[in-house]
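A short write-up of the structure that comes next.
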Amino acid sequence: MDVPALGQGGLFDRLDGVSAVMPAHRADASLPGDKEATVLAVDAPAAARVMRLRGDLADEPLEDTLTNLRPAGTRSRGKAGFALPGDAARLRLTVRLEALDSRGRAGTGAVTDRLSVTLTDRYGVPHDLPLGNVRADGEDHVLEADLAAGTGPARAAGPAAPLRLTGVRADYPVPRRAERHRLSLTRVAATVESGGVVRVPVTAGADGWTARTSTDAADPPGAPRPGGSPSRAQAPRSDADTPLSVRYDTGHEPARDDGTDGSRDAAVELRAAGPPADTVAALVTDAFLDAVDARVGDTVGVPLAGTQVRVRIAAAVRALPTTAAEAPGTDGGALVVDLSTLNGVLADARLAGLRPTEWWLAAEPGQAPRTAAALRARGDVPSVTVRAEERAALRDDPLVIGPLSVLPVAAGAAAALAVVGFAVASVAATRERARELAVLSALGASRRALLRVVAAEQGFLVLVAVAAGWALGALLTRAVVPLIVLTARAERPVPPVRVELPSALLIAAFALPLLAVALIVPRLTRTVRAPDRTGGE
């Protein structure tokens, strides 16, 4: 999409006719046996309102399964950090960077930090925004980030509010001499759309925040080993005047053999997060279970985002739409995980969070065409897929419509042949039994009784034959049709085709032969007359 990541959620939130919005990150995961699984990381609560699945593909309601993908213990991540006002247009941070001597007294240092922040939207998606440079001079510096500017030049959308400040990062070049720094956030505020400045409440202070240091290890081959690395940052602190502060050592980088300075960068990072999650719950397909030789309830390792993520299989379905493997023989199934929970695991592993690569929308009844037209008219949304349009395209595909159109024709022809066959059989059977019927009539049997006998006999044969033929035909149809229905790429659709035999066809298959019997038998029994009780013929 041409819309920056920060503005995508707000863009879809503001669309008319949309009842629910679900961000999704799609990725591939390598599995044993040269197979690949499709990973969908979604916002689990939104997925329960957006994703739909055919009833024959799951044993339990999909909504309940998706809701449970976000464990109660990790839902506190959504409340971590400092909450910005819902109408915040700019973030204003007052920052102080101090160089401390051996006695802890503040002074001036030679290092300049480049500050950036991480804002998490209501979908749990992290967004990094630069703030600016801060010198270690002990003075207060006001840094701002324009939230609207991060949503695109048109500014037709906004962030998926409310946003939360969940991370602060300071990058700096490793100096020749180590320094001890103290980075403090003395005030957190936001400029709202009306123009006023609102102070962000930080009543929790440093509770739930962690600090860690890192270095850029991309030294060229043969470079001398660094003389010192940043030490582990102390735990963040807060007081009445300073919502958040942290102390850390910068480390030092001695000159190289050629006399040049080192080029390493280092960083100290503050993050607000809830309790770490050891595993990620997942909804998987049967093909994934077969690929990893696991069962529901097992925990398996899946390579995601550059690390091995422990995935607990919470439930399984037979297939998931949009997850078909492109190469034959490599289908490792699919799994659905909660995006926020997965990002929390990646953050604990010091890895960047995943951002949506696609958005799924649930439209209000009758509003899907209007919503799709509005998205296509924007020009910055490259691809819009509508479920109803895809369904219609598949039904109009010659490779699909051929086998499906033959079914009603064949069923109609079979019903017509059955009517003719049963009519002929009824006529022949009744004529063969004309003498017997005449004897019964002579013995006093009424014409109505004879009619019931013949109708019961022929009707029983019709019901048995039609039931057996229907069962055999339904079995063959369900077994053969999914194998011959292909997509435009000559592939079997995922999920596979489900054959639904219409109830009208079932009624017709039973009713038409019985109707033929009901019309023919009375005409044949009229030829049998009871004897004249007065002695005449």
Side-chain angles (χ1 to χ4, degrees), residues 93 95-102 104 106-118 126-138 141 143 165-185 206 209-237 244-273 276 303-309 343-355:
L93 291 184
V95 181
R96 182 188 307 126
L97 184 61
E98 301 167 294
L100 306 178
D101 59 18
S102 58
T108 301
V111 178
T112 298
D113 287 6
R114 302 183 301 274
L115 262 64
S116 60
V117 292
T118 299
H127 305 279
D128 297 329
L129 295 180
L131 285 178
N133 296 335
V134 176
R135 289 186 55 82
D137 54 10
H141 300 265
L143 305 178
L165 175 63
T166 57
V168 178
R169 181 184 174 97
D171 292 271
Y172 58 88
V174 179
R176 294 281 297 273
R177 284 187 175 183
E179 296 182 4
R180 174 167 293 182
H181 281 187
R182 179 168 59 198
L183 176 65
S184 304
L185 271 64
W209 286 78
T210 60
R212 61 194 180 198
T213 56
S214 60
T215 58
D216 179 8
D219 288 322
R225 298 185 63 182
S229 297
S231 64
R232 185 183 303 274
Q234 297 180 3
R237 298 181 179 181
L244 195 64
S245 67
V246 62
R247 294 188 181 191
Y248 59 97
D249 291 336
T250 63
H252 67 281
E253 178 82 3
R256 299 184 186 275
D257 293 339
D258 57 4
T260 60
D261 291 341
S263 58
R264 285 195 315 151
D265 284 340
V268 59
E269 189 174 12
L270 305 177
R271 282 191 177 275
L304 285 174
T307 187
Q308 195 80 359
V309 178
N343 277 339
V345 172
L346 296 178
D348 294 335
R350 301 192 177 189
L351 296 172
L354 302 179
R355 294 179 175 84

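It should be emphasised that the depicted structure is a prediction, and the values quoted were computed from it without experimental measurement.
- The minimum heavy-atom distance linking D265 with V174 is given by the pair C-CG2, 4.1 Å.
- The shortest non-hydrogen separation linking L346 to G353 is CD1-CA, 4.5 Å.
- Closest non-hydrogen pair, D113 versus Y172, comes out as OD1-CB, 3.3 Å.
- With sequence neighbours excluded, no residue satisfies side-chain hydrogen bond (donor to acceptor under 3.5 Å, both in side chains) with R114.
- To the nearest 0.5 angstrom, L100 atom CG is 7.5 Å from R180 atom CZ.
- Scored by the salt bridge (Lys or Arg N to Asp or Glu O under 4.0 Å) test, D128 finds R355 as partners (sequence neighbours excluded).
- Residues satisfying the salt bridge (Lys or Arg N to Asp or Glu O under 4.0 Å) test with R169, not counting sequence neighbours, are D171, E269.
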- Task: Step by step, work out the side-chain contact (heavy atoms from CB on, under 4.5 Å) result for R212 and R271.
- Result: CA-CA 9 Å; R212 61 194 180 198; R271 282 191 177 275; 3.4 Å; yes
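- R96 meets the side-chain hydrogen bond (donor to acceptor under 3.5 Å, both in side chains) test with D140; sequence neighbours excluded.
- The aromatic rings of H181 and Y248 sit perpendicular to each other, their planes meeting at more than 60°, with 30° as the lower class boundary.
- Distance check: L185 CG to L165 CG gives 7.0 Å after rounding to the nearest 0.5 Å.
- Taking CG from D137 and CG from L97, the interatomic distance works out to 7.5 Å, rounded to the nearest 0.5 Å.
- Evaluation of the ring-ring contact (aromatic ring centres under 6.0 Å, His included) rule for H141 yields no partner, not counting sequence neighbours.
- The minimum heavy-atom distance linking T250 with R177 is given by the pair OG1-O, 4.2 Å.
- Every residue was checked against the salt bridge (Lys or Arg N to Asp or Glu O under 4.0 Å) condition with E179, not counting sequence neighbours, and none meets it.
- Of all heavy-atom pairs between W209 and T166, the closest is CH2-C, 3.9 Å.
- Contact record, L183 with A170: CD2-CB, 4.1 Å, taken as the closest heavy-atom pair.
- No option in L143, L270, L129 other than L129 meets the side-chain contact (heavy atoms from CB on, under 4.5 Å) test with V117.
- Going from atom CG of L354 over to atom CG of L304 covers 7.5 Å, rounded to the nearest 0.5 Å.
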